[in-house]
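FYI, side chains are in, hydrogens and waters are out, and symmetry mates aren't considered; it's all heavy atoms of this structure. This is a predicted model, so every value here is computed, not measured.
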Amino acid sequence: MGHPYPLREIARQAGLSEATVDRVLNGRGGVRESTAREVHRAIADLDRQQTQVRLVGRTFMIDIVMQTPERFSTAVRAALEAELPALRPAVMRSRFHFRETGPVAELIATLDRIARRGSQGVILKAPDVPDVTAAVGRLVSAGIPVVTLVTDLPASGRLAYVGIDDRAAGATAAYLMGQWLGDRPGNVLTSISSGFFRNEEEREMGFRAAMRALHPRRTLVEVAEGQGLDATQYDLVVAALERDPEIRAVYSMGGGNVATLRAFEAMGRRCQVFIAHDLDHDNTRLLREHRLSAVLHHDLRQDMREACRTVMRAHGALPPAGPALPSPIQVVTPYNMPAPAEATPAAAD
């Protein structure tokens, strides 16, 4: 396959040896199929980042590690690559390690490989469990700064957290829910993809606390562990609707909103108020169709820019700065949606 990149550049992007890359590119065999895919993926990444590759300036190689639905990993990649020109004259190169679900041990193995191989920074979205915290500690001990994105690991040695104030977001959702439901009867379905992601846990705490204070008679019904994936979310929501005929509204803290609405339709039920998070491609379409009431949105491009700059500060390439403020929360309705060019890199955490 034709490409303009030196062997060592592809090897660095893929995190493999030059000999392995050479075997793949020249079809000499003896290489696992998964390794060959990593080489071809590295070339594709370099193609997307080629506006930065030849810039004169300091080069940073960072690793983006995330357990998240594909719609969010796609948004992260797009947001980062859209921000690369704003980081000039520095050159920010990135390797992506994305998985939708799976054992925590696989995520730990990825982080430990990065610690052994080396990196100038890791941007991480991962569940808040002790094994992940320990793996972050090993990265930090290896001299690799870690920035958590959209969900935090506060007990770890991470350098900074970049994202919204999730408790405030949950309270905002409760306020909107109360305004729109008014005095109409009905229970509220709360949906989280996993209890191990701190951002969703804190959104839920903020929502429950505000609902308890503002609307103490309103019953909340929880579904959890759908992983933000449509296939699992659909079954969970159908089961909840079968158990509780009074569910009339939804606050979705994770994802799988297409499946949630499909479950309401399958049960012949109407969702009177539906509040979700982040303008991914699913939520953008649902909002345009007036099937969502509002989306709590934050600018993922701004978050990726701040995460990269935090890594650069750790290496002395930028002057020190105070702690990053939480990302602003925007309440987006069908009538104030961002232009399409801004909506593409929105988050779906």
Side-chain angles (χ1 to χ4, degrees), residues 64-76 79 98-101 104 107 122-133 136 146-156 158-174 176 190-211 220 222-229 233 250-257 260 275-280 282-283 294-304 306-307 310 323-332 345-349:
I64 319 295
V65 183
M66 297 194 164
Q67 179 174 315
T68 188
E70 181 273 337
R71 59 184 172 270
F72 183 58
S73 61
T74 298
V76 166
F98 295 150
R99 59 203 293 272
E100 287 199 309
T101 186
V104 170
L107 181 63
V122 170
I123 298 175
L124 177 65
K125 179 183 185 291
D128 185 11
V129 296
D131 287 349
V132 173
T133 296
V136 171
V146 177
V147 178
T148 52
L149 180 73
V150 306
T151 185
D152 199 11
L153 303 169
S156 72
R158 58 95 172 121
L159 181 61
Y161 161 69
V162 175
I164 63 173
D165 180 335
D166 286 294
R167 290 205 188 202
T172 299
L176 295 172
T190 63
S191 172
I192 63 174
S193 65
S194 172
F196 292 110
F197 285 98
R198 179 169 287 267
N199 64 331
E200 295 183 24
E201 180 185 55
E202 295 202 345
R203 289 171 188 177
E204 183 183 36
M205 287 190 289
F207 184 76
R208 287 185 177 275
M211 289 294 288
L220 306 183
E222 177 184 297
V223 296
E225 303 308 319
Q227 305 302 322
L229 304 176
Q233 182 73 5
V250 174
Y251 173 40
S252 172
M253 289 155 267
N257 299 326
T260 297
I275 299 172
H277 275 267
D278 308 309
L279 284 176
D280 62 22
D282 284 348
N283 286 346
V295 170
L296 302 182
H297 172 63
H298 60 286
D299 186 347
L300 186 54
R301 283 184 58 168
Q302 175 182 317
D303 288 351
M304 295 307 294
E306 178 59 31
T310 300
L325 296 175
S327 305
I329 302 167
Q330 305 169 34
V331 179
V332 182
D349 49 299

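For the pair Met253 and Asn199, the minimum side-chain heavy-atom distance is 4.5 Å or more. In this structure the side chain of Ser327 reaches within 4.5 angstrom of the side chain of Ile164, judged on heavy atoms. The shortest distance between side-chain heavy atoms of Val147 and Glu306 does not fall below 4.5 Å.
Residues satisfying the side-chain contact (heavy atoms from CB on, under 4.5 Å) criterion with Ala168, sequence neighbours excluded, are Asp165, Ile329. The side chain to side chain donor-acceptor pair (under 3.5 Å) test applied to Arg208 returns Glu204, not counting sequence neighbours. Taking the side chain to side chain donor-acceptor pair (under 3.5 Å) definition, one finds that Thr190 meets it with nothing, sequence neighbours left out. Partners of Asp152 under the salt bridge (charged side-chain N to carboxylate O under 4.0 Å, His left out) rule, at least two apart in sequence or in another chain, are Arg158. Residues passing the ring pair (Phe, Tyr, Trp, His ring centres under 6.0 Å) test with Phe207, sequence neighbours excluded: Tyr251. Residues satisfying the ring pair (Phe, Tyr, Trp, His ring centres under 6.0 Å) test with Tyr161, not counting sequence neighbours, are none. When the side chain to side chain donor-acceptor pair (under 3.5 Å) test is applied to Asp128, the partners found at least two apart in sequence or on another chain are Arg198. Applying the side-chain contact (heavy atoms from CB on, under 4.5 Å) criterion to Ala224, with sequence neighbours excluded, gives Ile192, Glu222. Annotation: side-chain contact (heavy atoms from CB on, under 4.5 Å) contacts of Ser194 (sequence neighbours excluded): Phe196, Phe197, Glu225, Gln227. When the side chain to side chain donor-acceptor pair (under 3.5 Å) test is applied to Glu70, the partners found at least two apart in sequence or on another chain are Thr74. For Leu159, the side-chain contact (heavy atoms from CB on, under 4.5 Å) partners at least two apart in sequence or on another chain are Pro145, Thr310, Ala314.
For the atom pair CG (Leu153) and OG1 (Thr133), the distance works out to 5.5 Å, reported to the nearest 0.5 Å. Taken to the nearest 0.5 Å, the CD atom of Glu202 stands 5.0 Å off from the CZ atom of Arg167. The CG atom of Leu300 sits 8.0 Å away from atom CG of Asp278, with the distance rounded to the nearest 0.5 Å. Note that the NZ atom of Lys125 and the CZ atom of Arg99 stand 11.0 Å from one another [nearest 0.5 Å].
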Open item on the list: Applying side-chain contact (heavy atoms from CB on, under 4.5 Å) to Val162 and Met304, what does each step give before you reach the verdict?
Closed with: CA-CA 8 Å; Val162 175; Met304 295 307 294; over 6 Å; no
TODO: Before giving the answer on side-chain contact (heavy atoms from CB on, under 4.5 Å), spell out for Leu176 and Leu296 the whole-Å C-alpha distance, their side-chain angles and the decisive distance to 0.1 Å.
DONE: CA-CA 11 Å; Leu176 295 172; Leu296 302 182; 4.2 Å; yes
Task: Criterion side chain to side chain donor-acceptor pair (under 3.5 Å) on Asn257 and Asn283, from CA distance to verdict - done: CA-CA 7 Å; Asn257 299 326; Asn283 286 346; 2.9 Å; yes
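Of all heavy-atom pairs between Ile275 and Ala173, the closest is CD1-O, 3.4 Å. Here the closest heavy-atom approach between residue Gln233 and residue Gly226 is recorded as OE1-CA, 4.1 Å. Contact record, Gly255 with Arg71: CA-NH2, 3.3 Å, taken as the closest heavy-atom pair. Residues Ala210 and Ala171 share a closest heavy-atom pair of CB-CA, 3.9 Å. What you find for Val132 and Ala126 is that their closest heavy atoms are CG1-CB, 3.9 Å. Across all their heavy atoms, Pro328 and His298 have their closest contact at O-CB, 3.7 Å.
Without hydrogens or angle criteria, Asp280 side chain to Asp282 main chain gives a donor-acceptor distance under 3.5 Å.
Residues Ser193 and Glu200 have side chains that bring a donor and an acceptor to within less than 3.5 angstrom of each other.
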